[in-house]
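Shown next, in structure tokens, is the structure this report addresses.
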Amino acid sequence: MKGIKSGYGTSTLPLWAVFNLYVIFICTSIPGLAISPIMGDLTRIFPGTTSFESQLLEIGPNIAAIPFVFLGGWIGTKFNNNKLTTWTCLLYGICGVLFFFVPNMVSLIILSFLIGIFAGILSPLSTAFIADMFSGKQRTAQYGYTSATLNLVLMGCVIATGYLAKISWRLPFLIYLLPIIPLFFAKGFKKYITDPTQIRKSDAAALNAKKVHYKFSKEVNMGMLVRYCIYYFVITFVIAAISLYIPFRYTNSGIAGDLTSILFFGIMASGYTLNWALKVLKKGVAIWSILAIAIGFVLISITSNVFIVGVGILIATYFYGVAQPYYYDRLSLASSRIALTLTLAWFASMDSIGNVLAAPVIDGIAKLFHTSTSAHPDVAFKICAILSIAGLVVVIIRKIVVKAHNAIDDKGVTVTTAASQAPIPVGVDSAPAASAAPKANGNPAHTSSSQNQTPSSK
């Protein structure tokens with residue numbers, strides 16, 4: 001059977017390996033999915049359920065995921081990534097089985113927190129695996145495809161869990177058994193991903209040292225990481241408002257559901273057309289994406305016409321779907337492999353943080369102006385439009401400043417700063433990041449043989 005092109009020369013990846021990669025990626029986003037269809041029936045299922053318990057159950061997985069995204073990223077820099085993934089999926093799957101036997105609301109909340117933890121650990125690992133298995137345009141495309149496929153699967157799961165909940169409130173928990181699938185592929189999957197422990201051993205052997213110490217700030221372009229995290233937080237924060245406030249604006253559940261589904265469709269469509277979109281946008285992804293998001297929210301906020309609001313949602317989410325995988329891809333070039341899981345953990349955490357903070361911050365801003373988003377949901381979208389425009393202004397100003405600095409550098413007036421802003425080359429995409437020999441006390445050059453092999457030859 002013909003494999004999937006990896007981007008590493010003529011090598012290909014078997015379909016089962018790519019399928020397994022997608023399943024791991026999807027597992028990072030399903031916590032809470034089985035809870036949504038039964039939220040309205042919780043007081044019937046578990047009499048005496050308080051509103052606080054309901055809220056905790058709904059946002060618990062996202063809250064639990066935030067610290068463990070970082071922990072998973074940190075562990076991933078030090079331990080065997082395949083074993084970490086396998087153990088995490090095993091515990092995730094066990095919790096999925098336990099959902100079918102929950103006796104009370106407290107147990108349901110605890111299990112929801114636990115699967116949020118496991119999803120958080122898997123999040124940076126799954127995106128790092130894409131960087132391991134693909135290169136160049138194929139890697140860029142795969143970041144788009146995984147994002148698009150995720151949203152397609154989520155759309156299907158939302159519909160499926162809704163119907164399953166009508167049969168039995170426990171049946172939607174079937175989705176939490178998905179992490180069991182990677183357990184069947186774990187043994188063969190390890191040869192397609194990079195093992196940071198082997199990089200550490202190779203570097204230590206090259207130095208004739210027992211252990212090599214790495215400094216994170218030297219393993220990643222910190223300027224790029226900080227900028228991308230702030231940018232991603234802002235666009236995630238405003239996009240989260242769509243699903244939060246559309247149901248308040250349109251009390252007709254059918255209309256609200258249709259408009260919310262456009263959110264998933266927009267991100268899905270952008271993922272499957274990512275390389276085409278990047279060819280059109282070229283180097284203007286940051287500006288055009290946040291400009292489009294701002295335009296989308298302006299359309300959403302100025303009218304209640306369902307068609308225009310739908311167009312606004314589609315524009316905003318399509319360009320959000322372009323920016324997200326694009327910056328994942330950029331960060332895979334801005335970090336050495338030894339630090340990649342932690343680098344991606346910082347970036348991925350912006351998604352959970354943005355989704356958790358969106359409602360309280362937007363509601364807080366509305367209160368400053370003596371209004372309420374529940375009574376006037378249009379206010380939420382106007383706030384998001386203003387925040388998007390403010391973000392656009394910041395991006396444009398920075399672009400002007402950088403262009404001016406580069407113009408001065410070209411004239412030889414100052415020492416160029418371009419090198420400090422350039423991504424740190426890793427893998428086979430470019431030359432080693434430094435020509436100097438690695439030093440045992442700090443910052444080794446990333447020249448271990450495992451980084452210069454294609455996935456198929458590891």
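Predicted model, so just to flag it, every value in this text is computed and none were measured.
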Exceeds 12 heavy-atom contacts within 6.0 angstrom, atom [atom1] of [X]:
X: W87; atom1: CH2; value: no
X: Y145; atom1: OH; value: no
X: W16; atom1: CH2; value: yes

Sub-6.0 Å ring centroid separation between [X] and [Y]:
X: Y231; Y: Y327; result: yes
X: Y232; Y: F347; result: yes
X: W74; Y: F216; result: no

Going by distance alone, is a donor N or O of one side chain under 3.5 Å from an acceptor N or O of the other, for S352 and N355? no

Atom pair [atom1] ([X]) and [atom2] ([Y]), whose distance is rounded to the nearest 0.5 Å:
X: K187; Y: N82; atom1: NZ; atom2: CG; answer: 12.0 Å
X: T194; Y: D132; atom1: OG1; atom2: CG; answer: 3.5 Å
X: L150; Y: C27; atom1: CG; atom2: SG; answer: 10.5 Å
X: L344; Y: S332; atom1: CG; atom2: OG; answer: 7.5 Å
X: Q142; Y: Y22; atom1: CD; atom2: OH; answer: 3.5 Å
X: M155; Y: T260; atom1: CE; atom2: OG1; answer: 11.0 Å

So, for [X] and [Y], which heavy atoms are closest and what is the spacing to 0.1 Å?
X: T341; Y: G76; value: OG1-C, 3.2 Å
X: L340; Y: L331; value: CD1-O, 4.0 Å
X: V69; Y: S123; value: CG2-CB, 4.4 Å
X: F297; Y: V238; value: CZ-O, 2.9 Å

Just so I know, are the side chains of D363 and Y245 near enough to count as touching, which here means a heavy-atom distance under 4.5 Å? yes

Heavy atoms, side chains only, cut-off 4.5 Å: are L281 and F319 in contact? yes

Partner of S126 under side chain to side chain contact (heavy atoms under 4.5 Å, CB included), picked from V23, I26, T28, is T28

Tell me which one of I109, I115, I110 satisfies side chain to side chain contact (heavy atoms under 4.5 Å, CB included) with F113. I109

Tested for ring-ring contact (aromatic ring centres under 6.0 Å, His included) against F129, the lone hit among F134, F189, F25 is F189

Side-chain donor or acceptor of [X] paired with backbone N/O of [Y] under 3.5 Å:
X: Y176; Y: F99; result: no
X: S289; Y: A286; result: no
X: T85; Y: N81; result: yes
X: R337; Y: A128; result: no
X: T50; Y: E53; result: yes

Describe, in one word, how the ring planes of F233 and F237 are oriented to each other, choosing from parallel (under 30°), tilted (30 to 60°) and perpendicular (over 60°). tilted

From CA spacing to verdict: side-chain contact (heavy atoms from CB on, under 4.5 Å), I262, Y318: CA-CA 10 Å; I262 293 174; Y318 180 89; over 6 Å; no

For side-chain contact (heavy atoms from CB on, under 4.5 Å), just list the numbers for M105 and L42, CA-CA rounded to whole Å, side-chain angles, deciding distance to a tenth of an Å, and then say yes or no. CA-CA 9 Å; M105 189 64 177; L42 283 176; 3.9 Å; yes

